[in-house]
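Okay, structure first, notes after.
The chains referred to below are lettered A, B, ... by the order of the sequence lines, with proteins before strands, and numbering in each begins at 1. All values below come from the heavy atoms of this structure, side chains included, with hydrogens, waters and symmetry mates left out.
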2 protein chains.
Amino acid sequence: MPLNERKKQILYAVVKEHVNNAEPVGSRTLARRYNLGFSSATIRNEMADLEEMGYLKQPHTSAGRIPSEKGYRYYVDFLMEVPALTEEEEIRLNKALKLEKMREIEQIIQNVSKGLSEITNYTSLVIAPQLTKSAFKEMRIIPIDEQRGIVVLITDTGFIKNKIINLPRMLNPQELNQVVNYLNKRLRGLAIDQVTNSLLRELKRDLFHRIEILEQAFLLLEESLSEDDNRIFLGGTTKILNQPEFKNVEKIKRLLSLFEQDSLLMSLLSSALEKKDVWVKIGKENKLKEAQECSLVTASYKVGGKTIGTIGVLGPTRMQYAKVIAIVKYFAEQLNQLF
Amino acid sequence: MPLNERKKQILYAVVKEHVNNAEPVGSRTLARRYNLGFSSATIRNEMADLEEMGYLKQPHTSAGRIPSEKGYRYYVDFLMEVPALTEEEEIRLNKALKLEKMREIEQIIQNVSKGLSEITNYTSLVIAPQLTKSAFKEMRIIPIDEQRGIVVLITDTGFIKNKIINLPRMLNPQELNQVVNYLNKRLRGLAIDQVTNSLLRELKRDLFHRIEILEQAFLLLEESLSEDDNRIFLGGTTKILNQPEFKNVEKIKRLLSLFEQDSLLMSLLSSALEKKDVWVKIGKENKLKEAQECSLVTASYKVGGKTIGTIGVLGPTRMQYAKVIAIVKYFAEQLNQLF
DNA sequence: TTTAGCACTCTTAATAAAAGAGTGCTAAGC
DNA sequence: GCTTAGCACTCTTTTATTAAGAGTGCTAAA
């Protein structure tokens with residue numbers, strides 16, 4: 001049974017009202033505050049229907065209704081209108097971003113994260129560009145002093161990653177060059193996540209007599225490959241605590257300990273990678289138990305058509321979806337343009 | 001009026017008991033649990049004295065006593081014994097640290113921070129090595145491709161800092177070298193915090209025709225000079241929430257928002273720099289309002305006699321001082337040896 | 001089909017009473 | 001003169017009771 005126009009109106013109004021006030025919405029309130037053109041009794045009947053259909057629920061008998069997750073889902077899919085940002089808002093966002101002046105990736109990401117959380121008033125999550133999605137272009141090793149050097153890794157998407165390493169004593173510049181040249185020959189053009197451990201082992205065999213320097217160079221490669229390169233930046237972790245659903249200390253602790261575990265956050269965001277435009281996960285739609293009282297709005301950003309990172313906003317299930325979606329979308333577009 | 005032996009015993013017992021249970025300590029409990037050799041009535045009298053002298057206080061009439069900040073201070077200064085770590089414990093700590101394998105500074109610092117918080121069960125703060133405390137040794141600029149290069153800054157303490165920069169188009173390698181050589185000549189041997197803005201302006205004048213590349217190089221220098229180079233690493237931010245004094249949501253929020261502001265944390269730790277061995281700040285001894293319900297145990301670490309960073313543990317005023325001091329001391333020593 | 005009216009339900013806030021822990025003081029003991 | 005036992009008193013915490021408020025669901029009328 002599809003929702004008739006009146007039910008849609010009421011569901012819409014309940015969501016809107018509840019998002020603003022965080023309290024169950026009663027029929028009288030609705031009749032008073034929204035000019036729906038029918039009485040509270042009618043609304044009561046419709047609400048009872050909506051509850052039976054699973055779009056609304058009652059915290060307890062004789063309280064108002066709040067949207068169920070199904071209700072929010074319907075709202076997000078069919079009822080809400082994502083506003084285009086006004087010019088004015090765009091200017092404000094750009095001011096918060098100030099990306100033009102940024103050079104270093106880390107700085108950009110941190111700024112995006114901060115901006116997202118401050119404008120939405122929820123917690124933001126940003127995954128820095130993932131090298132694994134790019135292809136190997138070139139590696140160099142630059143000696144600094146007798147003992148140390150810098151390994152530089154360049155990808156086809158134009159990212160540069162570098163790392164200070166210890167150089168083995170007995171290696172002269174020529175030998176160093178040989179090693180580096182060999183590595184470049186073997187690796188050039190490979191997607192970074194194609195550089196498997198078995199390939200690395202093979203290379204190690206070939207170069208066993210230069211093994212030391214190789215080990216160091218490998219460290220950088222492995223780091224690029226490893227999960228913890230997928231660094232996550234959080235912004236406004238305390239923002240979400242202002243929401244009334246988190247006035248309970250136990251809930252706060254559970255959520256904060258989630259924030260401390262990068263790997264969990266990655267898994268939370270990862271499903272969003274490679275997916276469509278903007279992705280909304282409501283409550284239990286999140287696989288992660290710790291986030292099932294929350295909703296997550298994510299979008300990915302790209303370089304040269306390849307998705308290389310994700311930004312997102314985490315708030316309570318009772319979230320300002322339309323507003324957040326508009327903002328997340330905008331930020332992702334800005335990042336696309338930037339890289 | 002100095003404390004007699006019995007008062008010391010009682011104060012010691014009150015601190016110990018309260019640190020363990022987080023509840024006011026009554027005279028009867030004390031008489032029962034500690035074999036002090038005198039009755040609860042005697043203890044009551046002594047406690048009343050201690051209260052009048054300011055070492056103990058009552059949350060309300062007819063409750064047990066808890067140590068005042070003065071009481072904790074007396075305990076830290078005169079009563080507690082900082083245990084030497086047993087060999088067993090040292091092995092355990094070293095396992096948690098695993099510093100031997102670390103190369104990158106950031107990794108080391110992060111590991112120290114994690115280890116500190118996990119072993120103490122409080123929140124840890126670690127300031128990464130501060131370049132400003134070192135002297136300028138050498139700067140290099142290494143081109144990567146047509147548009148970009150890496151600036152490398154080397155200090156006399158052996159730290160290397162690098163940054164990817166945009167190279168201006170029209171600069172050929174010779175010119176680049178000239179600029180770099182000139183900068184090195186002017187800056188070599190200066191302490192990094194002596195490289196003031198006025199000196200930089202002067203250099204800019206001298207090199208105004210190569211201004212673009214200079215700007216970029218300066219960015220790195222300025223970054224080394226700027227506050228935000230003093231990066232702070234936090235560990236176990238949620239650990240402190242397990243303490244019963246933080247079962248109040250408002251308090252949690254206040255403390256967490258402190259954790260989000262690096263500059264505040266810096267100011268909290270900064271007084272510890274350059275100071276003696278281990279530094280204990282109890283409650284209101286912290287200048288920062290947000291931390292006045294907490295105690296802070298800090299120690300600095302050095303390279304070549306110069307203090308370049310600080311580690312610390314932040315817990316409730318009701319803290320396991322002896323244990324924490326021993327651990328912080330040990331970690332600082334480990335860092336000293338490492339660098 | 002919609003709406004007004006009203007009894008009923010459940011939560012939250014406010015109030016009262018009881019239980020528990022610990023003190024402070026007094027007087028007796030060593 | 002210091003120490004200890006005893007007991008009344010105080011203050012918090014817990015539990016119970018009541019009252020107020022909001023909102024529903026049902027019935028009957030429009």
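Rounded to a whole Å, the CD atom of B:E51 is 10 Å from the C1' atom of C:dT23. Rounded to whole Å, the distance from CZ on B:R28 to P on C:dG20 is 14 Å. The separation between A:I66 atom CD1 and C:dT11 atom C1' is 15 Å, rounded to whole Å. Atom P of nucleotide D:dG1 and atom CZ of B:F38 are separated by 22 Å, given to the nearest angstrom. In this structure, B:I43 places its CD1 atom 16 Å from C1' of C:dA21, rounding to the nearest Å. Computed from coordinates, the B:N45 CG to D:dC2 C1' distance equals 10 Å when rounded to whole Å. When the P atom of D:dA5 is taken as reference, atom CZ of B:R32 falls 15 Å away, rounded to whole Å. Summarising the geometry, the separation between CD on B:E5 and P on D:dC2 is reported as 18 Å, rounded to the nearest angstrom.
Residue A:S27 is classed as a sugar-phosphate contact, given heavy-atom separations below 4.0 Å to backbone atoms only. Within the nucleic acid shown, A:A41 comes within 4.0 Å of at least one base atom, counting heavy atoms only.
Residue whose closest nucleotide on DNA chain D sits further toward the 5' end, between B:E46 and A:T29: B:E46.
Between B:Y74 and B:Y55, the ring planes are perpendicular. Angles over 60° get that label, and only those under 30° would be called parallel.
Taking every side-chain heavy atom of A:M47 into account, D:dT24 is the closest of D:dT4, D:dT24, C:dG24. Looking at the side chain of A:Q58, the nearest of the listed nucleotides D:dT24, C:dT11, C:dT23 is D:dT24. Considering only side-chain atoms of B:S39, the nucleotide from C:dT3, C:dG24, D:dA5 that sits closest is D:dA5. Among C:dG24, D:dG25, D:dT12, the nucleotide with an atom closest to any side-chain atom of B:H60 is D:dT12.
Put simply, A:S62 has no side-chain N or O that comes within less than 4.0 Å of OP1 or OP2 on D:dA22. A:R44 has no side-chain polar atom (N or O) that falls below the 4.0 Å cut-off from OP1 or OP2 of C:dT2. Look at A:T61 and you won't find any side-chain N or O under 4.0 angstrom from OP1 or OP2 of D:dT24.
Checked against A:I327 for a side-chain contact (heavy atoms from CB on, under 4.5 Å), the options A:T120, A:V297, A:V313 give a single hit: A:T120.
Under a 4.0 Å N-O distance rule, the pair A:E89/A:R92 does not qualify as a salt bridge.
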Using residues 25-38 of chain A as the side-chain source, report each donor-acceptor pair under 3.5 Å to any protein atom, sequence neighbours left out, with the distance given to one decimal.
residue: A:S27; atom: OG; partner: A:R44; partner atom: NH1; Å: 3.2
residue: A:R33; atom: NH1; partner: A:E17; partner atom: OE2; Å: 2.6
residue: A:Y34; atom: OH; partner: A:E17; partner atom: OE1; Å: 3.0

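Side-chain N or O atoms of B:E260 include one that pairs as donor or acceptor with a backbone N or O of A:T238 at under 3.5 Å.
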